[in-house]
Amino acid sequence: MKLCQVLRNVGKFRTVFDFGGREVAHWFPGHMAKGLKQMKAGLKSVDCIIEIHDARISFLPLRRNPLFQDTLDVKPHLLILNKMDLSDLSNKQRILKKLQQDGVRNVLFTDCLKQRDDNIKKLAPMMVKIIENSPRFNREENTSYCLMVIGVPNVGKSSLINSLRRTHLKKGRASRVGGEPGITRAVLTKIQVSERPLIYLLDTPGVLPPKIQSVETGMKLALCGTILDHLVGEDIIADYLLYSLNRLGNFSYVEKYDLPEPSDDIQYVLKRIAVKLRKTQKVKALTGVGNITVTIPNYSAAAYDFIRAFRKGELGPVLLD
Ligand SMILES: Nc1nc2c(ncn2[C@@H]2O[C@H](COP(=O)(O)OP(=O)(O)OP(=O)(O)O)[C@@H](O)[C@H]2O)c(=O)[nH]1
């Protein structure tokens, strides 16, 4: 989009989003508390916590959650900002600075889908260094390292494990090596990710509710696919996406969906998307002069496509912070 077009749009968009009195309380279902219990149970045998987040929302460390901050604070901690390929990292230094001010010093950006991500290679030595520089308490005599991966749903925990195994063991999908017989897979299982040094990851169900400071934070998590769409509503997620893109001056949707210019009106944008994708339905309408057939856009299908395009990175890299 040309600069003059961008300038023409300044002041045309919403500067705040109307959440219409929505509450986040029910967006994270109760089963997530189960993850917390299991995580606490496994903490004794863990040398380091790997907390994994979506690099498009980097401000949300899980350990800030008062529910388990006490327990986690005593363990060395590494924050992974995954899906870096989908994030606008032109402000990477600002993110790192902010995290550092928050006491988060060990941060690594990763792209777990990349066949060879140099950052994944750095992970094992980085973890060893962090562990060696901290007291190991009851695990002093142990020659292997055990790490716990935590994160909200869909953030890439399994992908990280697989990526580590690919890098260090030249193996594909994770085979589970721990787990006592009779204990369900959903409890804690150990997965080997490196031979030298010998490193295991303790796989938790990993469904941990972050401390959601506001409905807007919840909406950002929803946009990144962390919360089931239907719990929040695809229509409002799509509207929040449009609001965010406009706010960031990212007008990639205009070209992608053949719009004449940027718009802040979600109904209008979804209509254009539906027409472009031929997601329309013909319905019969009874008028004073008889039956006519009218074409109506399938707004749900359009919203679905718009959100998926964002999640796949088709609307360009975005930082929602
Ligand atoms: N673009 C991109 N996609 C990724 C990356 N890592 C994971 N994904 C995708 O994100 C989705 C979720 O990845 P998973 O590894 O299943 O995430 P998870 O945290 O284990 O998910 P749950 O089991 O639901 O908690 C998948 O579609 C992955 O392909 C990444 O670095 N970049």
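Both counts, for ligands and for their atoms, begin at 1 and track the order of listing.
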task = Could you tell me whether Arg105 atom CZ has more than 12 heavy atoms of other residues or ligands within 6.0 Å of it?
result = no

query = Members other than Val294 in its cluster, when Ile, Leu, Val, Met, Phe, Trp, Tyr link by side-chain heavy atoms under 4.5 Å?
reply =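 Members other than Val294 - counting any ILVMFWY side chain reachable under 4.5 Å - are Val283, Ile292, Ile296.
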
query = Who gets closest to atom 3 (N) of ligand 1 by heavy atom: Leu81, Asp111, Asp54, Leu113?
reply =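 Minimum heavy-atom distance to atom 3 (N) of ligand 1 goes to Leu113.
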
ask   = Can you tell which of Leu86, Asp117, Ile150, Asn154 gets a heavy atom nearest to atom 11 (C) of ligand 1?
value =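 Considering heavy atoms of Leu86, Asp117, Ile150, Asn154, the nearest to atom 11 (C) of ligand 1 sits in Asn154.
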
inquiry  = Evaluate Cys112 for polar contact with ligand 1, using N/O atom pairs at a separation under 3.5 Å.
reply    = yes

ask   = For ligand 1, does Asn162 get within less than 4.0 Å through its side chain, its backbone, both, or neither, judged by non-hydrogen atoms?
value =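 No part of Asn162 is near ligand 1 at this cut-off.
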
Ser159: numbered ligand 1 atoms lying under 4.0 Å from its heavy atoms =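 Under 4.0 Å from Ser159, ligand 1 has these atoms: 6 (N), 7 (C), 13 (O), 14 (P), 15 (O), 28 (C).
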
ask   = Is it true that Tyr145 and Tyr200 have ring centroids separated by less than 6.0 Å?
value = no

ask   = Below 6.0 angstrom between ring centroids: does that apply to Tyr304 and Phe306?
value = no

message = Under the side-chain hydrogen bond (donor to acceptor under 3.5 Å, both in side chains) definition, can you give me all pairs with a residue in residues 110-119, not counting sequence neighbours?
response =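 Counting only pairs at least two positions apart or across chains, the side-chain hydrogen bond (donor to acceptor under 3.5 Å, both in side chains) contacts touching residues 110-119 are Asn82-Thr110, Asn119-Lys122.
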
